[in-house]
Amino acid sequence: MAYWLMKSEPDTFGIDHLKKRGTEPWSGVRNYQARNFMRDKMKEGDLAFMYHSSCENPGIYGLMRIATKSYPDPTQFERKSPYYDAGSKREEPRWWLVDVKYQRHLKTPILLTALREHQEKLRGLRLLMRGDRLSVSPVSAEHWNYILSLE
DNA sequence: GCCAACGTTGGC
DNA sequence: GCCAACGTTGGC
């Protein structure tokens with residue numbers, strides 16, 4: 001089983017929204033590297049941190065389970081969607097996603113500032129690497145367990 | 001294939 | 001709102 005970190009803006013869709021919805025397609029990823037992780041590497045049953053970005057206290061707020069295999073992101077074909085991509089063909093979809101299922105809120109959020117205090121133990125965690133803005137990134141089992149131990 | 005211009009992300 | 005860092009686009 002693999003572990004992941006997925007970023008979302010809580011004003012748009014955060015862990016509270018996911019709790020209400022139960023399961024939700026992770027739509028709107030329009031970065032090739034992030035897409036490749038979802039399309040090629042994610043497996044049903046994998047676990048992911050939900051990370052809140054672009055907000056007052058960026059950090060990890062909850063846990064999710066990958067609920068499906070990857071499939072084409074339907075929003076790329078919806079003309080009125082902000083994620084519409086005129087260049088993507090149905091026979092050869094450009095953007096892929098998975099469904100995520102709510103697991104739980106963290107007892108207390110693990111903020112970015114707290115993660116930074118553990119740079120040594122978290123060496124290689126993409127979230128902490130300079131300039132890395134990937135919205136979907138892998139987390140090693142060691143990093144996953146260490147981060148959860150900070151809860 | 002180079003690279004300047006532009007757009008986006010995301011912390012602060 | 002600013003801006004650093006990175007990705008994408010498109011002219012040449």
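Throughout, protein chains are lettered first and strands after them, A, B, ... in sequence-line order, and every chain is numbered starting at 1.
Non-hydrogen atoms lying under 4.0 Å from DNA chain C are contributed by Arg130(A), Gly131(A), Arg133(A), all within residues 115-133 of chain A. Annotation: proximity of residues 34-41 of chain A to DNA chain C (heavy atom, distance under 4.0 Å) is found for no residue.
Side chain of Ser81(A) to backbone of Tyr83(A): a donor-acceptor contact under 3.5 angstrom is found. Distance alone, capped at 3.5 Å, is enough to place a donor-acceptor pair between the Glu151(A) side chain and the Lys107(A) backbone.
Among all heavy-atom pairs drawn from Ser27(A) and Thr75(A), the shortest one is CB-CG2, 4.0 Å. In plain terms, the two heavy atoms of Arg65(A) and Met1(A) that are nearest each other are NH1-SD, 4.2 Å. Closest approach of Phe77(A) to Pro93(A), counting heavy atoms only: CZ-CB, 4.1 Å.
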request  = Report the C-alpha distance between Asp73(A) and Arg35(A) in whole Å, list the side-chain angles of each, state the deciding distance to 0.1 Å, and finish with yes or no for salt bridge (charged side-chain N to carboxylate O under 4.0 Å, His left out).
outcome  = CA-CA 10 Å; Asp73(A) 182 344; Arg35(A) 177 208 67 181; over 6 Å; no

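The cluster map of Ile, Leu, Val, Met, Phe, Trp and Tyr, joined by side-chain heavy atoms under 4.5 Å apart, puts Tyr71(A) and Trp26(A) in the same cluster. Clustering ILVMFWY residues whenever any of their side-chain heavy atoms sit less than 4.5 angstrom apart, transitively, puts Val29(A) in the very cluster that holds Leu18(A).
Classification of the His52(A)-Tyr61(A) ring pair by plane angle, with boundaries at 30° and 60°, yields parallel.
A distance below 6.0 Å separates the ring centres of Trp95(A) and Tyr32(A).
As judged by a 4.0 angstrom heavy-atom cut-off over every strand, Ser54(A) is placed among the base-contacting residues.
Of all nucleotides in DNA chain B, those with any atom nearer than 4.0 Å to a heavy atom of chain A start and finish, going 5' to 3', at dT8(B) to dC12(B).
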